Structures are given as C-alpha cells and as structure tokens.
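Take a look at the structure set out below.
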Amino acid sequence: MPSTELTILDIIKSVLPDGTRRAGSWAPVCDWPPDLFAAVATITERSGLYAEKTFMAYWSKDFSLSKKWIERTCAIGRKWALSSSPPRAVETLWKRLVKDHGKARIDIDDTSRESLAWKKIVFQLLAIADEACAGIGFPPGAGIGQEQQSEVTITQYLVAADYIAWEEKRLKNPGLAVMGGHLLPYLPHSLCIRVPPAIACVQPKTSTPVVGCTLRSLTHHLALLPSIANVSTHWLLTNEGHSALEALNLLVVPFPFAIPGKSFSGVAGAFPAKSTERAFKLNPDAWMGDANPQQVADFLIGLIRAAKPELEPIHAIVLPETALRLNMANAIANILARETDLDLFITGVVAGEQNDPINSAAIYRFSNHGVINRSFQSKHHRWLLNGDQIKRYRLGHVLDPNSNWWEQIDVSYRHCYITLFRSQATLSVLICEDLARYDPVLTVMNAIGPNLVIALLLDGPQLEQRWPGRYATALADDPGSAVLTVTSLGMVLRSTMPGEPESREIALWKEPNGRARALKLPKGDHALLVTLTNRSVEHFTLDGRGDGRSTLEFELGAAHGVRYKDRLPEWLEFPG
Amino acid sequence: MGASSKLVELLRSNLDQVKAPANYGKLVANLKTIKPSRRAPSIKESPENSRQLDLDEDV
C-alpha cells in the first residue's frame, strides 16, 4: 500500500516538479531566490511551523532566534542579492534539509529535536530568500528620499530588465496574452523560473502585516500566491519619476450624480433551480444621455480647473463602479492624457457584449501626455440585489422585490492588477462585491499588501458602520493597506426616501492605525479633492527583521469640495 | 492590457540611468541554463485587455 505520509521532499518535488536546477534532481539548492522561496514558503504554510514557540515566544526556553541570528540571516540574504549564485551557507542549509530531513513528515504534531531541526532550516531559508529579494519589483535605484538611495541588487535589476523584455515581446505579439521575459518565463504573474505558476506564484510585496501570525507576517519582499488558474496577478512597473513621498491628490467624481430607475432592468428567464433567482443588467446609457467623450472629458477638465485654486497638480481622477461604457472611458482617457497633467484615470466601466457584459475597473496610466498603460480588472463576484436592497434603492417598480436579482456579468476573468504609482508604492483597485468576498482576490491583496486600495462601488452612503467600512478596516489591519471606497452620488441619493434628509457620504477613507472616515460631498459640489500624504515607516517581520523604513503608509491629508464653475453641460443631470 | 512602446521607452530610460550590478552578466548566463523547457500556461484574457494600446483607434 503506498504511503500517505507527506514529507519535506514530497512538497519540494511538488513545487519544483522539474528539479531545482535540472530535471530529476533536487539535491542542489535553487539558483534563483524566488524558486527557493516558493519551496520553503509552501513547507512553512503547509506545516504551520511559524507558530512554534521556537520562533515566536522570546519568553520560552525553546526560543531560538537572536539578534545575531537576524544579522547573520540578513547578511547571507544580502550576499545572495549581490552575487550570481547562492552563498555557501544557503547551499549547506539546503543540503541538510534535503539529505538529513527529506523524509521528515510535516503532517504530524512533532516537537522532537529532529523536527525542530528541519523547521529551523526552513525558517532561515525563507528569511534568507526574502532578504535576497529586497527591492524586487520596484525600480532599481529609487529609494524613499535622498537618504535612502539603496544599492541596486542583482535580483532587483534582473527583474526590472526582464520586465522590459516582457513588454517588448508583447509589442511584437499584438493581441496575444504573452507571458515571460528573456529569463523569467512567467512574468508578470510570477517571479519564479522553475516553479510552474499552475502550482504556485511568487510576487513582490509592499506591506508586512503588523498584526497576526501567518506566513504573510514572515516576509517583507516576497509573497506566496495560489495557482494562476485560481487568480492571475499582474505586477505592473510603471513608475514615472515622482518622488516617493510626494502627496497624492485625487479628484473623486461621484458620477453619475443621478441614476434613473430604468438603468436597471430584468433579464428574461430565471436560474433553473428557482424561478425567483433572476438576473438584472445595468445600462449606463440611461445616465449618459447623448454625451460624447469630448463633452464628458471637458466636464472633468473643468473640475480640474475648478480645483486648481486649492492646489495643483491633481494626479488622478476616480469615478465609481460602472460609471462609463468601455469605449467612452477609453476615449475620455485619451483626451485626459493629451489635455491634462494627470498621472492616472481610474473608473468603473461596463465592457463586453450587450448580452454578456463585464463589470470592470479600468486603470489608465499616463505619462508625457499619452496613455502608457491600461488594465481592466473585471469583477469576480456578482452583486445580489435582494428585496431589502430593492426597496432601499427604490427600485421596486423595475425589479420585483420578491425575487433575488443577480447582476448579469461575466465573472470568468479572474485577474488582479498591482500597479506602481510611486517608486515605492503600489495601488490596487477592487470593484464593489470583491471588497467583501474573500476568495480569490482578497487572498492576493492580503499576501501582497498594496499601499493603497481603491474600491469602486455602486452603493449607498459610505458610512463606517456599513459593509464597506467593515471590510476596509479588515484590509487596513492586515495587510495594512489604506483603503478609499468611492460610490456615485446617484446611488447614495437613491437610498434616501423622498422628503427624508439626504445622505451625501460618497467616499470612505480608512488608513492603517486610524478610524474609518466618511467623506461627504457638500451640497452643490461636483467632486471631492482628496489629498493623501504619506510617510515611510519601518515594518518588522515576525522574526524581527526590519525593512529599513521602506514601507509607505498613506494618510488622509485633506479633503475639499469642488464645484464646476461654468454652466453645467446640458447632458448632465445634477440634482444638486 | 495593451502593450505600449511609450512605456517600454520610459522603463528603458529609467533603467539606463542605473549601472548594472557586478556579476549581472554571470547571473544571466547562469539563469539561462536553468530555464525549464515547460511551456508557459495560457491564461484567459478578457477582450478589452487584449487590445494593443499603440494600435488602438482611440489613441
């Protein structure tokens, strides 16, 4: 009867099925730190070894870490980061792991000396691989401020160069989903070479959780992610030269300002299991009127102009979920790139076919008055409008409150984009439901810890005690992301019964270590100008390694209402 | 997510300002020898992400 015991070597072979350096051989250590990381991080996660007293409890007699251990581990990692092959110490640790402990079981509660021995090796190799990848995924030579111009490591440089190779390959293969540069075959989804992405992916990371005890708390620079088949992440290098500590000024436009009930309509038929489980679709044309892209762009440019007396430059415009149709958004982005100094345009879009729509977050990256990158992250979960919500949003005349209405969207594209918007800071965008559903995108958010998460919603008032406040708080705690949720004024106003006092909380801000804060749009204003300041902080891994203050934390610096100065365009419905 | 020649130029000019670390050539040579022959998987790309940015009629 075959053994059902899961051993160290079993896991190594499953993560590195083609061997560490050549097929059929696992004796030599991996040459590339992310490959080693994938193997030891998988062992760490499967065995839960990080929770052992020997690594976590300084008050215990079993505790084995020390200042000397930290210094030595960092030094070995640093040495690897600057050399073309693994240091001797890494080779020795790996050899001991495979040769002496390869047959050790990981699936039993075992505190024997032998068990502790392999756990200590795995723990140290994990930390070394992490240190060897300091700065990976970020532009080489771009530290935080003058005082932190860090030495360029060989791993960081190689990833940056291979990322360019990947972009060049994409240019030569238009319309194809190209994967891999010259050396890293799975860019931009994984840094690994010998770990197939269908088994696990490794990506750079930006925040180390300051609470909790998980694998995520053990690394500063690398994140272990699930199979690419589950969710594919895209790490996008698009730095354009802003200082890392420069404030980020966002113009939040809660468009549409009015959403007619007829924007929602039922789709014929019902799910087979139950006739009350039905589908609805949204029609942005109902609030766009006959506006063309130039007219909408002119309105947004007018808002930028109106905000200028308060401050400039404005770096980004943010519109809520499903604000625009895809073609309209593409055309507006091109006009904004050409006619403004914006860096980013983020908006919810309705893409896809008429009968097979996709609800996406569009992120347009501008540089030198052109669009240099754009990504569309489709929503992973359908919105369920139940009877309570139908009544709250006063939609009972278009959708039967006795049925459950599921959003008619294609949810089969499961991508997640992490975009560099400062040399040391990353941004991710989530759409509505995806902020609340853990799988698959939040697993990725938790592992990578983007500095800033913007959630585009089609939702009621953004109050701390409502669901966006609760889930934003969870992300701000672990991994430590700052979260901005943005909804449309139209949807906020639909949640108020006629004659009742209006809510105007169109956004909510939550920063690590701070309270969630609802942001109100003043009556008569058309946008909120939100300034996010940031500061570099030092995060520590559970084993006590600091990151040299390379983490950026964003804080709410200021918020101002912005009012369009000219006569409002005729296509625009604005209830005040 | 369309490719863009402007982005390539920008990234290239940023990297050109940084001196390649010592041993970089050796690492490249070393990693070339360990690239597996396994084919990269194909992932499902949504139509809007497949459109080439440079060739887009909107640009």
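No hydrogens, no waters, no symmetry mates; every other heavy atom, side chains included, goes into these values. Everything numeric here is computed off the predicted structure, so don't read it as measured data. Within every chain, numbering begins at 1; the chains are lettered A, B, ... in the order of the sequence lines, protein sequences first and strands thereafter.
Put simply, the side chain of B:I34 does not reach to within 4.5 Å of the side chain of A:R22, judged on heavy atoms. For the pair A:M179/B:P41, a side-chain contact is recorded, criterion being any heavy-atom separation below 4.5 Å from C-beta on. By the 4.5 Å heavy-atom criterion applied to side chains, B:V18 and A:P140 are counted as neighbours.
Here the side chain of B:R12 pairs no donor or acceptor atom with the backbone of A:I164 at under 3.5 angstrom. Side-chain N or O atoms of B:K6 include none that pairs as donor or acceptor with a backbone N or O of A:N373 at under 3.5 Å. No donor-acceptor pair closer than 3.5 Å links the side chain of B:N30 to the backbone N or O of A:D31.
Between chain B and the residues A:S232, A:A160, A:P196, the largest count of heavy-atom pairs under 4.5 Å involves A:P196.
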Working for side-chain contact (heavy atoms from CB on, under 4.5 Å), residues A:L82 and B:N23:
CA-CA 8 Å; A:L82 297 170; B:N23 295 325; over 6 Å; no

Taking it one step at a time, do A:V152 and B:K19 satisfy side-chain contact (heavy atoms from CB on, under 4.5 Å)?
CA-CA 8 Å; A:V152 176; B:K19 192 173 168 231; over 6 Å; no

side-chain contact (heavy atoms from CB on, under 4.5 Å), that's the test. Do A:Y157 and B:L27 meet it? Break it down for me.
CA-CA 11 Å; A:Y157 190 92; B:L27 177 66; over 6 Å; no

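Only the side chain of A:I358 comes within contact range of chain B, with heavy atoms under 4.5 Å apart. Proximity to chain B involves both the backbone and the side chain of A:A161, based on heavy atoms less than 4.5 angstrom apart. Interface remark: A:A198 contributes no atoms to any contact with chain B (heavy atom separation under 4.5 Å). Residue A:H189 touches chain B through its side chain alone, counting heavy-atom pairs closer than 4.5 Å. In this structure, the portion of B:A22 lying under 4.5 Å from any heavy atom of chain A is its backbone and not its side chain.
Counted within 6.0 Å of CG on B:D16, heavy atoms from surrounding residues, nucleotides or ligands total more than 12; the atom is thus considered enclosed. For A:K79, the NZ atom sits in a loose shell: 12 or fewer heavy atoms of surrounding residues, nucleotides or ligands are nearer than 6.0 Å.
Salt bridge status for B:E48 with A:R374: absent, with no side-chain N to carboxylate O gap under 4.0 Å.
Here the straight-line distance linking atom CG of B:N49 with atom OG of A:S360 works out to 7.0 Å at 0.5 Å rounding. Separating the OG atom in B:S5 from the CZ atom in A:R170 is a distance of 11.5 Å, to the nearest 0.5 Å. Taking NZ of B:K26 as the start and OG of A:S85 as the end, the distance is 6.5 Å to the nearest 0.5 Å. Expressed to the nearest 0.5 Å, how far CG of B:N14 lies from CG of A:L237 amounts to 9.5 Å.
Contact record, B:P36 with A:D18: CB-OD2, 4.1 Å, taken as the closest heavy-atom pair. Here the closest non-hydrogen pair linking B:L7 and A:I372 is CB-O, 3.5 Å.
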